[in-house]
Amino acid sequence: MVSEALQKRVNGEAEVNLQKQGEQHPCHSLNGRCGKSGSERKSVRSCPDDSCREDNTGVASYKDVPSSVDIDVQPDSLRKKTRKQREISFQDMCNNVDIFDDGDEDDEDDSDWEPLQKLREIVKWFCTNCTMANLDVAVHCDSCGEHKESAILKHGFFAPSFVQDSNLLKTELEMKRTDKEKVEMKSHPHPERPDRLRAIAASLATAGIFPGRCYPIPAREITKEELEMVHSPENIQAVEVTSNVISCYFTPDTYANKHSAQAARLAAGLCADLASEIVSGRAKNGFALVRPPGHHAGVKQAMGFCLHNNAAVSALAAQAAGAKKVLIVDWDVHHGNGTQEIFEQNKSVLYISLHRHEFGRFYPGTGAADEVGTMGAEGYCVNVPWSQSGVGDNDYIFAFKQVVLPIASAFAPDLTIISAGFDAARGDPLGMCDVTPTGYAQMTQLLNTVSGGKLLVILEGGYNLRSISSSATAVIKVLLGESPECDLDDHLPSRAGMKTVLDVLAIQKNFWPVLESSFSKLQSLLEIFATERRGKVKPCKQRRRAVVAPICWQWGRKRLLYHLLKGQIRVRSKGC
């Protein structure tokens, strides 16, 4: 087990902490689900019956025909595929079904016929990048286009996605074949897997960021007393008891094995220490490369791949180190319901989340714009709920400038924590949004101006390895002082995104007066867009319905009307 944190020093002072915790969860198989583990382990359940064999097939033996049944058997030399009529009773028919079979009387050679042949298993492989299943004959992933033998775990997102790694050693190839055999014994790999950390670490190494511009610091396990400030004792005990079992599930998508509890304690302890380092001034900013994630873990329940809430633990650790106010910005594509539950009554911690909501139809269903906090802390929960998928850079940057930054500046935090889920990134199989690494870098740059640059970034979700590694690298470069590759100021958001931001401003301006001017300007801008759109739409010309005259009219009293409808007679008005 390796638990690391990477930290950059400038003039003797540590500027960037990047923490790495990898390979914490050995993989186990339970109810067709894959464990989230770094060490490879194979779990096979044997049949409790000792007489059971590999095929697990049963073959019924033929019963003896009772003596009361008369069967005429022909000589061997004259054997034919015919059977003489048998005189049997109804009871014989019920008790001796096999008497209707030919048995050895068949003259056809059926020695090559197997009654219970094994069904051919469809050989498939799971994409290293996005975990999607593909047929063995396919070379590239049908979902993301990644090569079957991609080197993304060796070089990160710098590895070409469409070619095979030509530098793989023989031992690596054998390891891949072994892993493939293990995968085929399991169901679909879990998206929250150790490869997420490996891909990011490989990208940082290839980019020369670590080792080179950062160095690791050790992690510790968080104490029970620290966890009790965030979670209930029952919730903590429920996570701890998993150390005594092979594997279990908290919810249908949240699993644990015997190493998960320790991994969760290491992740939370590492984030808490890094927050204390930043607040005390021993570090300027940092990136916590940890798993499992945490923003879904609430007071009483672990859910959504999360066991302990790392961001919540970090916020309280920062306050214990001297910070009075802490800002948590959650840009994970899923709403951080656990973080909101923990701080919805706390005015010293401001929680802002940008997420897919789709009117409660997107997981976890919470995070509507009108969820603003309770018990005197109204306005200290700010939710920007996107109404559809496909949200991109322009929508996020627009929401940052109109909602996030004005409220954050008015709040004036001593520390800013980013729950950095990268599942809203382009190509993520769960998020289905369109944020690019440049977009994430731009958002980090905007938040870097808040709280005097004291910024802690904690990894949350993100399940496309190429997307998560490139996005995390872009964010870390900003923490190291680099500017984003391009500016996204000149681009306008989508109409749906603008409508969402307008709805949020209409609610939050009641708690943050600084938003009043933004709301008025945006409302006017939206009306202008609506007017221009109506002006561009051309009115549809109504087509006249053709009137067809019956052919019989041309010989009767209606022949004049018939020729008029056919156009053979023209009528001129008086003015013509």
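Scope of the values below: all heavy atoms of this structure, side chains included, with no hydrogens, waters or symmetry mates. It should be emphasised that the depicted structure is a prediction, and the values quoted were computed from it without experimental measurement.
- Without hydrogens or angle criteria, W386 side chain to L354 main chain gives no donor-acceptor distance under 3.5 Å.
- With rounding to the nearest 0.5 Å, the separation of CG in L465 from CZ in F422 is 13.5 Å.
- A donor-acceptor distance shorter than 3.5 angstrom exists from the side chain of T206 to the backbone of H155, with no hydrogens or angles considered.
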Side chains of residues 295-307: which donor-acceptor partners sit under 3.5 Å, not counting sequence neighbours?
residue, atom, partner, partner atom, Å
H295, ND1, D330, OD2, 2.7
H296, ND1, H335, O, 3.3
H296, ND1, N337, OD1, 2.7

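- Contacts classified as salt bridge (Lys or Arg N to Asp or Glu O under 4.0 Å) and involving residues 456-467 (residues at least two apart or in different chains) are given here: E146-R466.
- At distances below 3.5 Å, at least one donor-acceptor pair connects side-chain atoms of K325 with backbone N or O atoms of F411.
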Can you list, pair by pair, the side-chain donor-acceptor contacts under 3.5 Å of residues 473-483, counting residues two or more places apart and other chains?
residue, atom, partner, partner atom, Å
T473, OG1, S469, O, 2.7
E482, OE2, R213, NH1, 2.8

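- Note that CD of E516 and CD of Q508 are 13.0 Å apart. Values are rounded to the nearest 0.5 Å.
- Counted by atom type alone, D428 and S467 present zero donor-acceptor pairs between their side chains at under 3.5 Å.
- At a threshold of 4.5 Å between non-hydrogen side-chain atoms, the residues K224 and E240 do not count as touching.
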* Could you please spell out the steps behind the side chain to side chain contact (heavy atoms under 4.5 Å, CB included) verdict for F343 and L316? => CA-CA 10 Å; F343 294 117; L316 296 182; 4.0 Å; yes
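- A donor and an acceptor atom, one from each side chain of T339 and N309, are located under 3.5 Å apart.
- The backbone N or O of P385 sits nowhere less than 3.5 Å from a side-chain atom of N383 that would complete a donor-acceptor pair.
- With P429 as the fixed residue, the side chain to side chain contact (heavy atoms under 4.5 Å, CB included) test singles out one of N129, N464, T131: N464.
- A donor-acceptor pair shorter than 3.5 Å cannot be found between the side chains of D273 and S276.
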